Amino acid sequence: MKLPKRKIILSLKIVSILLLLSIVLVFVFRNALLNQIIHRVDAKLERDYQCHLTIEKAEFKGMSNLDFQHIYLVPMAADTLVRIDELKTSVNFWKLLVGDVQLGKLEINKGYIQLVKTKTGSNFDAFLRSKKEQRDNSEVNYAKLVNRITSRLLNLVPTDMKVKGFAFKIDDKGNKVVFDFNQLALTDKKLNTIIQVTATDFSQQWTLNGFADPRDRKADLQFYNAANDTIKIPYLDKKWNLKTGFKSIHFNLENLALDSGELHIDGYSSIQNLFVNHPKIASKDVEVQNARFDYHWIVGARTMDLDSTSTLQLNSIKCQPYLSYTNETDKVYVLKLKIPKMAAQDFITSLPTGLFRHFEGMEAQGNFSYALHFEYNNHKPKDIIFESKLNPEGLKITKYGEADLNKINGEFVYRAIDKGVLQRPILVGNSNPNYTPLSEISPYLQKCVLTSEDPSFFNHRGFINEAFKQSIAKNIRTKKFSRGASTISMQLIKNVFLTREKTLSRKLEEILLVYILENNHISTKQRMLEVYFNIIEWGPNIYGIGEATQFYFQKRPSELTLNECLFLATIIPKPKGFMYRFDTEHQLKPFAQQQNAFLTKVMLRRKVLLETDTIVSSPITISGPAKLFLKQNAPNAEIDSTKSGIEEFEF
């Protein structure tokens, strides 16, 4: 029994000697090994990214300290991408032996990273075009992947850092901005950073400081302007016409840890005096005084969730969001949002200024709560869930803002806006000889328009959930906004109280105003439909059904035939292009006839029409001033093949 024991001891001694010898050899030849590594990296950069790496001097100082002098990364036939005059760092030697890079100290003196884009290309093109390893995403463990990536990134953040005279530069076809790090220091887990930001007509000094512990994965940082002024973000305004900024940001990371196969990420972020300005959002600055997001993310093997314990606060509005993404047999997306009971007035005053311009000055009584549930399965698109429920408690509007919904019940002046240009005033009321009460509009026209635009108008409260669901499903499937779900109520609000600008602001205001109009019984459905018929555009500079019937047929709205009503209903989506529905003989083209036939078939199936209604069928004859437009219709004119809105409601 002694012999085996001696062999074990002898083996351990040999292993220890070999390990020690290896360490000694690594120490002795460490600079040669370092230069070999640099040459291999250079060869890979040249092969994969067409870039050349030059380091004029690279050597170890002791066992773990590295000293680099004059580092250059230069793409072929392009501007220098990286230049560093002096870089000193230390690495964890034992982690390095197992292939893990963990920086301890880092010191950079003078240098820059610059991204340059010209008409012919950029100095970073090759990195964007590089071939990536193809992976079977079905086998990826999200929790382990995110944990591995964050670990590597945080290991590259040194625990002791000092950077001076280093800049990050952008030159995008003359749109230039420089972020100059006058000071960047991390000592004893305290980060202090001063950044001088300079653009063509812009100069600010930013400060980022606070607590940062990359090894324990915790941080608590403040980002603000050294002059206690609003931070304005450069570059975006000239690149995408997006103007944005804020007073300060507070970022907190409390926990980032793998536990029982799940990665938990906890913390919060807050922002003060955020402003955003973009033509697609609103016509002026959108401002938020205070916003805070307390998050608890849970990443599993095949799931990513924002836990329902998370909270989102916008001024006084507090929400409980829940997000979920599951990628197993199916891809399932879930969104839930709850607004607990709150005062309606607090909600109104908490809305971002500039985003809800027509609500400014509005006053309300009562309370409400809100719940949203959305769920989409990529393999079961027809089973989409979209449930939106608002629970009012004594909710009442006591004072309107710019959008006074009560005006719909009396005589008022309507002015359409076409491509940003205010059109002639239209008096909506009996004082206008062209104004037509609902009782004097052909029942056929009412049936055709309702069937085409909004079949359940008299039954819904402003919105059609099924239409919303199908619209969302199609937009997700096509990855673009290819289908809407607008009701007559929504069209009425958009035309009478809002503009036709295609902005997020207008759409959000439209949704809220429709809810108020429909659920506070401000007007009857009959009155809403009557106003709708008398204000919508029916042709070039033709507004209201009274003008339309004279323009096309020299008739009154009560005298229309079924075919004339079918024609008028189908031109609503694009009334200015009505002439392209006719051939050179002034007869409806086949596609227009097919639309009329389709609409008739739907109305018969729904028993809105009877077979006897279709017995007398006469061709469309344009006899009014519209006939002059038909003469301009060349044989090869572009056909407006827009389908009738009825298809939006065919499920």
Side-chain angles (χ1 to χ4, degrees), residues 64-66 68 71 82 84-92 95 100-113 146-147 149-170 177-198 203-235 245-257 264-274 290-295 297:
S64 59
N65 293 320
L66 293 167
F68 299 94
I71 304 171
V82 179
I84 301 174
D85 289 358
E86 183 181 30
L87 187 152
K88 296 179 180 180
T89 187
S90 65
V91 295
N92 186 314
K95 283 187 175 290
D100 221 355
V101 179
Q102 187 179 85
L103 298 182
K105 296 181 179 181
L106 176 66
E107 183 177 335
I108 297 177
N109 291 314
K110 295 183 180 179
Y112 60 79
I113 297 174
V146 175
N147 185 61
I149 292 173
T150 54
S151 295
R152 289 179 177 177
L153 290 175
L154 291 173
N155 281 341
L156 292 175
V157 178
T159 54
D160 192 342
M161 177 168 48
K162 188 179 292 184
V163 177
K164 290 183 179 179
F166 190 79
F168 176 67
K169 306 177 182 181
I170 298 175
V177 59
V178 178
F179 301 88
D180 198 343
F181 290 82
N182 293 338
Q183 174 185 320
L184 197 165
L186 177 60
T187 307
D188 296 329
K189 302 178 183 179
K190 293 181 180 178
L191 179 67
N192 291 286
T193 307
I194 297 176
I195 309 170
Q196 183 65 42
V197 185
T198 307
S203 181
Q204 273 191 337
Q205 194 174 85
W206 299 349
T207 299
L208 175 65
N209 60 32
F211 169 80
D213 186 352
R215 300 297 168 263
D216 199 26
R217 301 180 171 192
K218 295 182 184 294
D220 192 82
L221 302 171
Q222 293 271 4
F223 184 36
Y224 56 93
N225 190 330
N228 198 32
D229 197 3
T230 299
I231 285 181
K232 296 180 181 179
I233 308 299
Y235 179 73
F246 50 86
K247 189 70 173 288
S248 65
I249 287 179
H250 188 175
F251 172 76
N252 175 277
L253 177 62
E254 185 61 33
N255 177 52
L256 198 165
H264 293 255
I265 308 172
D266 304 301
Y268 68 87
S269 297
S270 63
I271 190 168
Q272 285 73 45
N273 297 101
L274 169 70
N290 293 286
R292 174 168 169 145
F293 178 34
D294 290 79
Y295 55 85
W297 292 96

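Heavy atoms only: backbone and side chains are in, while hydrogens, waters and symmetry mates are out. Bear in mind that the values here come from a model prediction, so they are computed numbers and not experimental data. Start at 1 with the first residue, then count along the sequence.
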Nearest 0.5 Å please: distance from the [atom1] atom of [X] over to the [atom2] atom of [Y].
X    : Y    : atom1 : atom2 : value
T159 : L154 : OG1   : CG    : 12.5 Å
I231 : Q205 : CD1   : CD    : 11.0 Å
I195 : F223 : CD1   : CZ    : 5.5 Å
L191 : L221 : CG    : CG    : 6.0 Å
D294 : D266 : CG    : CG    : 10.0 Å
F166 : D180 : CZ    : CG    : 10.0 Å

E254 and D220: side-chain contact (heavy atoms from CB on, under 4.5 Å), yes or no, with the steps? CA-CA 8 Å; E254 185 61 33; D220 192 82; over 6 Å; no

Side-chain contact, heavy-atom cut-off 4.5 Å: [X] with [Y]?
X    : Y    : answer
D160 : T187 : yes
I84  : F68  : no
F246 : N273 : no

Might you point out which heavy atoms bring [X] and [Y] nearest each other, and give the distance in Å?
X    : Y    : value
W206 : K232 : CZ2-O, 3.5 Å
A227 : N225 : N-OD1, 2.9 Å
P158 : P214 : O-CG, 4.0 Å
Q272 : S248 : OE1-OG, 2.7 Å
H250 : Y268 : CE1-OH, 3.1 Å
M161 : V163 : CG-CG2, 4.0 Å

For the NZ atom on K218, are there more than 12 heavy atoms of other groups (residues, nucleotides or ligands in this structure) within a distance under 6.0 Å? yes

Looking at K105 and E107, is there a salt bridge between them, counting it only when a charged N and a carboxylate O are closer than 4.0 Å?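 Salt bridge flag = no for K105 with E107.
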
Please answer whether the main-chain N or O of [Y] pairs with a side-chain N or O of [X] as donor and acceptor at a distance below 3.5 Å.
X    : Y    : result
Q196 : N182 : no
Q204 : T230 : yes
D188 : K190 : no

Begin from the C-alpha positions of N109 and D85 and carry the test side-chain contact (heavy atoms from CB on, under 4.5 Å) through to its verdict. CA-CA 6 Å; N109 291 314; D85 289 358; 5.9 Å; no

For the residue pair F293 and W297, categorise the inter-ring angle as parallel (less than 30°), tilted (30 to 60°) or perpendicular (more than 60°).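 Correct class here is perpendicular.
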
Please lay out, stage by stage, how I265 and L253 fare under the test side-chain contact (heavy atoms from CB on, under 4.5 Å). CA-CA 8 Å; I265 308 172; L253 177 62; 3.9 Å; yes

Just to verify, which of I108, T193, I194 counts as forming a side chain to side chain contact (heavy atoms under 4.5 Å, CB included) with F181? T193

